Amino acid sequence: DFDFSYRIIKKYPNSLFITPLAKIKHRASKIERYPTKKITYMNQINHFYFNFKNFQSLKELTKFVLCLYGISLFRIVNFLIKRKRINFLKLLFFFRSVIFCILNLNYIKKGDLKNLYKKALIN
């Protein structure tokens, strides 16, 4: 959704609008979802792909790297404060998925995500 919306707004500026009248009902489970390797890796692969596809400048790359740094810091602090297994898994999967993406940048830049998802689940 985000990638699609971004492409629309780039091609047709001022064509998408936010309305406070829209209503949404989000029915999320009240139980915290347990992190999985699959979801974490797919999330990170998609973030890397979106950024390399849409943002090319050094300034934008710097913003992306700083964002990853911020998320890393958040995950570390969250684990250190709460000391829960779930926070450790989120931290572990996050770092492993970032390293996986860095090692597979060529696949991400080519847009070969389907094979990359499979490769992530095998490792």
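Worth knowing before you read on, the calculation uses all heavy atoms, side chains too, and leaves out hydrogens, waters and symmetry mates. Counting begins at 1 with the first residue of the sequence. Computed from a prediction, not measured in an experiment: that's the story for all the values here.
With hydrophobic clusters built from ILVMFWY side chains whose heavy atoms lie under 4.5 angstrom apart, F95 shares a cluster with L105. Hydrophobic clustering, with ILVMFWY side chains joined whenever heavy atoms are under 4.5 angstrom apart, groups L80 together with L91.
Atoms CG and CG, from N106 and D112 in turn, are 11.0 Å apart once rounded to the nearest 0.5 Å. Distance check: C101 SG to L116 CG gives 6.5 Å after rounding to the nearest 0.5 Å. Between the CZ atom of F64 and the CZ atom of F52 there is a distance of 6.0 Å, given to the nearest 0.5 Å. Going from atom CD1 of I76 over to atom CZ of F88 covers 11.5 Å, rounded to the nearest 0.5 Å. Expressed to the nearest 0.5 Å, how far NE2 of H47 lies from OG of S97 amounts to 10.0 Å. The distance from atom CZ of R7 to atom CZ of F50, rounded to the nearest 0.5 Å, is 9.0 Å.
Shown here are the side-chain contact (heavy atoms from CB on, under 4.5 Å) partners of L103, two or more places apart in sequence or in another chain: I99. Under the salt bridge (Lys or Arg N to Asp or Glu O under 4.0 Å) criterion, R96 pairs with no residue, sequence neighbours left out. Taking K53 as the reference, D3 meet the salt bridge (Lys or Arg N to Asp or Glu O under 4.0 Å) condition, with sequence neighbours excluded. With sequence neighbours left out, Y6 forms a side chain to side chain donor-acceptor pair (under 3.5 Å) with no residue at all. Remark: K59 pairs with S57, K63 by the side-chain contact (heavy atoms from CB on, under 4.5 Å) rule, at least two apart or across chains. Scored by the ring pair (Phe, Tyr, Trp, His ring centres under 6.0 Å) test, F94 finds no partners at all (sequence neighbours excluded). Scored by the side-chain contact (heavy atoms from CB on, under 4.5 Å) test, K82 finds N78, K84, N87 as partners (sequence neighbours excluded). With sequence neighbours left out, K38 forms a side-chain contact (heavy atoms from CB on, under 4.5 Å) with T36, M42, L121.
You'll find the side chain of N43 stays beyond 4.5 Å of the side chain of F48, heavy atoms only. Side-chain contact between Y107 and N104: present, with at least one pair of heavy atoms (C-beta onward) separated by less than 4.5 Å. Taking the side chain as every heavy atom from C-beta outward, Q44 and L68 approach each other to under 4.5 Å. For the pair I45/Y117, a side-chain contact is recorded, criterion being any heavy-atom separation below 4.5 Å from C-beta on.
The two residues I9 and N14 make their nearest non-hydrogen contact at CD1-N, 3.9 Å. Across all their heavy atoms, Y49 and G111 have their closest contact at CE1-CA, 3.6 Å.
F74 CZ: 12 or fewer foreign heavy atoms inside a 6.0 Å radius.
Between Y41 and F100, the ring planes lie tilted relative to each other; the angle falls in the 30° to 60° range.
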Criterion side chain to side chain contact (heavy atoms under 4.5 Å, CB included) on N115 and K119, from CA distance to verdict: CA-CA 6 Å; N115 287 325; K119 185 177 177 181; over 6 Å; no
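Hydrophobic cluster membership for L58: none, as no Ile, Leu, Val, Met, Phe, Trp or Tyr side chain comes under 4.5 Å of it.
The list of salt bridge (Lys or Arg N to Asp or Glu O under 4.0 Å) pairs with a residue in residues 10-24, not counting sequence neighbours, is empty.
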